[in-house]
**Student:** 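Here it is, the structure, as structure tokens.
Letters go in sequence order (proteins before strands), and every chain restarts at 1. In what follows, every heavy atom counts, from backbone to side chain, and hydrogens, waters and symmetry copies are set aside.
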There are 2 protein chains.
Amino acid sequence: MTPTPQAPAPQANLELIELVAATMTAYYRDFADAAAREGLTPAQAKALASLRTPMSMRALADRLLCDASNVTGIIDRLESRDLVRRQPDEKDRRVKNVVATESGSQTMRRIRAQMTTTQAALDTLTEEERATLNTLLAKLRPAMECRLP
Amino acid sequence: MTPTPQAPAPQANLELIELVAATMTAYYRDFADAAAREGLTPAQAKALASLRTPMSMRALADRLLCDASNVTGIIDRLESRDLVRRQPDEKDRRVKNVVATESGSQTMRRIRAQMTTTQAALDTLTEEERATLNTLLAKLRPAMECRLP
DNA sequence: CCCACTTGCTTGACAGCCTCAAGCTTCTAC
DNA sequence: GTAGAAGCTTGAGGCTGTCAAGCAAGTGGG
């Protein structure tokens with residue numbers, strides 16, 4: 001497959017891609033720092049963040065795009081701190097549903113609140129600019145999340 | 001500096017932050033997948049990507065925001081594959097400058113070229129939209145990268 | 001019913017990432 | 001010089017990630 005008929009000059013995207021990379025790196029650092037302040041690793045915080053709603057181990061592994069055995073370890077460590085609980089599923093006794101405890105939810109709220117760099121950066125934009133960015137990212141999202149082989 | 005006089009309702013940013021998070025996650029996955037196709041871990045690819053220009057171990061550790069001892073291991077593994085070389089510095093004999101080999105540079109170019117999901121996603125935007133996104137991210141960048149304690 | 005098969009979760013082995021503390025060599029400044 | 005700082009490496013130890021193997025529990029065909 002050749003590139004789209006009138007593909008944008010690849011050159012045109014280079015700077016943009018670099019900007020996306022830089023933004024994402026900064027965002028990740030902000031997230032990791034906030035998690036660390038609560039004594040969580042990025043992977044633990046990511047798992048906890050996914051548990052706004054309860055979820056089986058399997059579903060969590062799919063969401064985090066990693067092996068189920070990896071999730072076992074992460075949830076073990078969260079559970080040993082009472083941030084999360086494993087509940088047997090009623091219908092299928094193989095399944096364990098993971099639920100955030102009240103303490104886990106509070107921790108997650110604190111982490112979100114402590115991502116001050118991202119917040120502050122977004123606040124340097126005008127309201128209109130934020131709206132535009134929102135629109136653009138929303139348009140970008142589906143294609144970004146589409147999963148190739 | 002306090003936030004702008006009429007700071008945006010925090011509510012206004014919630015969706016935007018979630019979009020940034022989603023975009024960042026997708027971008028990182030694209031990067032990690034492309035690196036994996038070349039047999040590199042994300043950390044190795046990140047280091048290699050930083051070596052467009054040669055750099056001391058110390059400088060690399062600062063750039064990657066991690067401990068110098070960590071960089072030793074990463075560079076060890078890259079060097080054992082001839083993607084990178086340590087060169088003694090002429091002026092300061094404590095320093096080792098890390099240089100990407102030709103093979104290393106080629107590998108990095110292939111990784112960048114294989115980040116097809118990100119490329120394809122950006123191509124769903126019109127030329128004008130890409131320009132706007134570029135402007136917005138460029139404006140966002142300095143505040144995103146500013147390092148708080 | 002029973003068998004084979006699949007699915008959900010856990011365990012163990014092993015590699016890589018990451019940090020800290022300790023150590024070596026080489027500057028740098030007094 | 002000599003003390004201290006700076007650059008790099010090593011070793012210990014925890015976390016993340018993958019794979020292979022195993023157990024328990026659901027599923028479907030004969």
**Student:** Dot-bracket notation for DNA chain D is requested: 5' to 3', Watson-Crick or G-U wobble pairs only, both distances under 3.5 Å, with ( ), [ ], | and . as defined.
**Tutor:** ||||||||||||||||||||||||||||||
**Student:** Taking the side chain of Lys96(B) as its heavy atoms from C-beta onward, which of dT10(C), dC8(D), dC17(C) lies nearest to it?
**Tutor:**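 Looking only at heavy atoms from C-beta outward on Lys96(B), the closest nucleotide is dC8(D).
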**Student:** Where is the tightest heavy-atom contact between Leu48(B) and Gly104(B), given as atom of each residue plus distance?
**Tutor:**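 For Leu48(B) versus Gly104(B), the nearest heavy atoms are CD2-O, 3.6 Å.
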**Student:** Check side chain to side chain donor-acceptor pair (under 3.5 Å) between Thr23(B) and all other residues, then give those that pass, not counting sequence neighbours.
**Tutor:**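 Thr23(B): no side chain to side chain donor-acceptor pair (under 3.5 Å) contacts found.
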**Student:** Over how many whole Å does the gap from Tyr28(A) atom OH to dC17(C) atom P extend?
**Tutor:**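 Rounding to the nearest Å, OH of Tyr28(A) and P of dC17(C) are 13 Å apart.
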**Student:** Residues in salt bridge (Lys or Arg N to Asp or Glu O under 4.0 Å) with Arg77(B), at least two apart?
**Tutor:**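 Expected list: none.
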**Student:** How many Å lie between CG on Asn70(A) and P on dA15(C), as a whole number?
**Tutor:**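 Answer to the nearest Å: 17 Å.
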**Student:** Check each residue of residues 37-62 of chain B for a non-hydrogen atom within less than 4.0 Å of any atom in DNA chain C, then write out the ones that pass by number, or none.
**Tutor:**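 Correct list: Thr41(B), Ala43(B), Gln44(B).
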**Student:** Contact between Leu40(B) and Arg81(B) at the side-chain level, heavy atoms closer than 4.5 Å - yes or no?
**Tutor:**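 Yes, their side chains come closer than 4.5 Å.
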**Student:** Who are the side chain to side chain donor-acceptor pair (under 3.5 Å) partners of Thr107(A), not counting sequence neighbours?
**Tutor:**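 Only Arg110(A) meet the side chain to side chain donor-acceptor pair (under 3.5 Å) criterion with Thr107(A).
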**Student:** Looking at every non-hydrogen atom in both residues, tell me the closest pair between Ile111(A) and Phe31(A) and how far apart they are.
**Tutor:**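 Smallest interatomic distance, heavy atoms only, reads CG2-CE1, 4.5 Å.
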**Student:** Which residues satisfy the salt bridge (Lys or Arg N to Asp or Glu O under 4.0 Å) test with Asp92(B), sequence neighbours excluded?
**Tutor:**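 Result, salt bridge (Lys or Arg N to Asp or Glu O under 4.0 Å) vs Asp92(B): Arg94(B).
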**Student:** Using the test side chain to side chain donor-acceptor pair (under 3.5 Å), find all partners of Asn97(A) that sit at least two apart in sequence or belong to another chain.
**Tutor:**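 With sequence neighbours excluded, Asn97(A) shows a side chain to side chain donor-acceptor pair (under 3.5 Å) to Asp89(A), given in chain and number order.
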**Student:** dC9(C) P sits how many Å from Asp89(A) CG, rounded?
**Tutor:**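 It works out to 9 Å between those atoms.
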**Student:** Would you check if there is a donor-acceptor pair between the side chains of Asp30(A) and Thr118(A) at a distance under 3.5 Å?
**Tutor:**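 Result is yes, a qualifying pair exists.
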**Student:** Once each nucleotide of nucleotides 25-30 of chain C is scored for protein heavy atoms under 4.0 Å, what B/S/- sequence comes out, 5' to 3'?
**Tutor:** BBS---
**Student:** In whole angstroms, how far is the P atom of dG17(D) from the CG atom of Asp76(A)?
**Tutor:**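 After rounding, the reported distance stands at 14 Å.
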**Student:** Among dG17(D), dA21(C), dT10(C), find the nucleotide with the atom closest to the side chain of Ser69(B).
**Tutor:**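 My answer, after comparing the listed nucleotides, is dA21(C).
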**Student:** For residues 79-88 of chain A, which residues have at least one heavy atom under 4.0 Å from DNA chain C?
**Tutor:**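 Arg86(A), in order of number.
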**Student:** Which heavy-atom pair separates Met108(B) from Ala45(B) by the least distance, and what is that distance?
**Tutor:**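 Of all heavy-atom pairs spanning Met108(B) and Ala45(B), the closest is SD-O, 3.8 Å.
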**Student:** Identify, with sequence neighbours excluded, every residue that meets salt bridge (Lys or Arg N to Asp or Glu O under 4.0 Å) alongside Arg93(B).
**Tutor:**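 In terms of salt bridge (Lys or Arg N to Asp or Glu O under 4.0 Å), with neighbours along the sequence ignored, Arg93(B) is linked to no residue.
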**Student:** Distance check needed: dG14(D) P versus Leu78(A) CG, whole Å only.
**Tutor:**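 In whole Å, dG14(D) P lies 18 Å from Leu78(A) CG.
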**Student:** Would you mind reading off the distance between Ile75(A) atom CD1 and dG17(D) atom P, rounded to a whole angstrom?
**Tutor:**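 These atoms are roughly 12 Å apart.
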**Student:** Over how many whole Å does the gap from Asp67(A) atom CG to dA21(D) atom P extend?
**Tutor:**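 My rounded result for the distance is 14 Å.
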**Student:** List in chain and number order the residues that pass salt bridge (Lys or Arg N to Asp or Glu O under 4.0 Å) with Glu128(A), two or more places apart in sequence or in another chain; answer none if no residue qualifies.
**Tutor:**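 So Glu128(A) forms no salt bridge (Lys or Arg N to Asp or Glu O under 4.0 Å) with any residue.
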**Student:** Given side chains that start at C-beta, do those of Arg85(A) and Val98(A) come closer than 4.5 Å, heavy atoms only?
**Tutor:**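 With C-beta onward as the side chain, the pair stays apart.
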**Student:** Find the distance Asp33(B):CG to dG17(D):C1' and express it as a whole number of Å.
**Tutor:**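 Taking CG of Asp33(B) and C1' of dG17(D), I get 14 Å after rounding.
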**Student:** Scan residues 62-71 of chain B for pairs that pass salt bridge (Lys or Arg N to Asp or Glu O under 4.0 Å), counting only residues two or more places apart or in two chains.
**Tutor:**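 The answer is Arg58(B)-Asp62(B).
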